[in-house]
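Worksheet: the structure to be examined is printed underneath.
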Amino acid sequence: MTFAIGIDVGGTNSKLAVVTRDHRIQSQRSIPTQPHRGPDAVIDDLARAAHGLLQGPITGVGLASPGPLDLRRGTITRAANLPGWLDVPIRDKLAEKLGLSVVLENDANAAAYGEYVAGGGVGCEHLVVLTLGTGVGSGVIVNGRILHGHFDNAGELGHMIVVVDGLPCPCGQRGCLERYSSADAIVRRACHAAGGNAEAPRRENAETGDSEPDGERNAPGAGATAPSPSPRSAADVALAAADGNATCAQVWDEACKYLAVACVNIQHAYNPQRILLAGGLSLAGAALLDPVRRHLRAQGWSLHDDLPEVALATCGSDAGVIGAAALAFESQK
Ligand SMILES: [Zn+2]
């Protein structure tokens, strides 16, 4: 039996796994990433950890990394959560240290591929995965292949504009999906609302798209000084909403509505069979899925009966290493 190693590089921890050709994880470990020590030290750590996992014949390595990446050159161009990393030739450096071929892929794309080969997207040749966490990561599968685009940046759906002139985003746009529907955004908006008018959490922004007068007040940590209730996690917001807290219920429902808007736009762009919701927020289960489906039905078109199914991802935090390993096998064909 041959194996591939899947590596998922995160800003805090990196995960490595030995995976079979039929996508079963044989062994795995997690190591701290420590990006402040510089790319060479981190690549050394990854190589050492991969060596520790070697067992039996390894066909190759799949490396899932935060982007933007230059896939042709195998470099990390500039990763937001790996400060100071510019134009790092991580693919070739790791290949040299391991003596194995390495395939580089964007982490969100690798996770989507993992769901496609072994999770909630099995059998869906056209699939979109939205990972709802700190931001909104995404991967698009078209005809069973990851869609990369001209500059390898296709499918950055977290920065799809869902509110014209909406909340400012660090990316430079306004009204990006991840300013409303990521786990962090939900906490920020609920805290902000709790600190202002608890009964009307910036409804004017959400409903009319009016620009927020002071986006920075909405920055992480703004809720720390807000009077109670000031939720610490998106799960707190979901619980409070279920308990009848009107503010939290409204923030949660708006997050679901904008996700549904994104799903409508995704339908028109890619016509996927299924859209999977992954990441920390997806742990809310039916509390997330039901309102997103309801808003999708309310806002989707009626010309064709081809709205995508919206479902939960099933690979959890293993999606990245499973997808990366699958890509390593694919590259050997
Ligand atoms: Zn943005």
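Residues: numbered from 1 along the sequence shown. Side chains included, hydrogens not; waters and symmetry mates left out as well; all remaining heavy atoms used. None of these values were measured; they are calculated from a predicted model. In each ligand, atom 1 is the first atom listed, and ligand 1 is the first ligand listed.
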If you measure from the Lys or Arg side-chain nitrogens to the Asp or Glu carboxylate oxygens, is any gap between R145 and E330 under 4.0 Å?
-> yes
Mind checking side chain to side chain contact (heavy atoms under 4.5 Å, CB included) for P35 and listing every partner two or more places apart, or none if nothing turns up?
-> T33, L82, P83, W85
Charged N to carboxylate O below 4.0 Å: is that the case for D92 and R73?
-> no
Results of salt bridge (Lys or Arg N to Asp or Glu O under 4.0 Å) for R294 - residues two or more places apart only = D253
What residue pairs, at least two apart or across chains, pass side chain to side chain donor-acceptor pair (under 3.5 Å) with a residue in residues 271-290?
-> R274-E309
Under 2.8 Å from the Zn ion (ligand 1), which protein atoms of type N, O or S occur, listed by chain and number?
-> H159 ND1, C169 SG, C171 SG, C176 SG
R78 with D87: basic N within carboxylate O range, under 4.0 Å = no
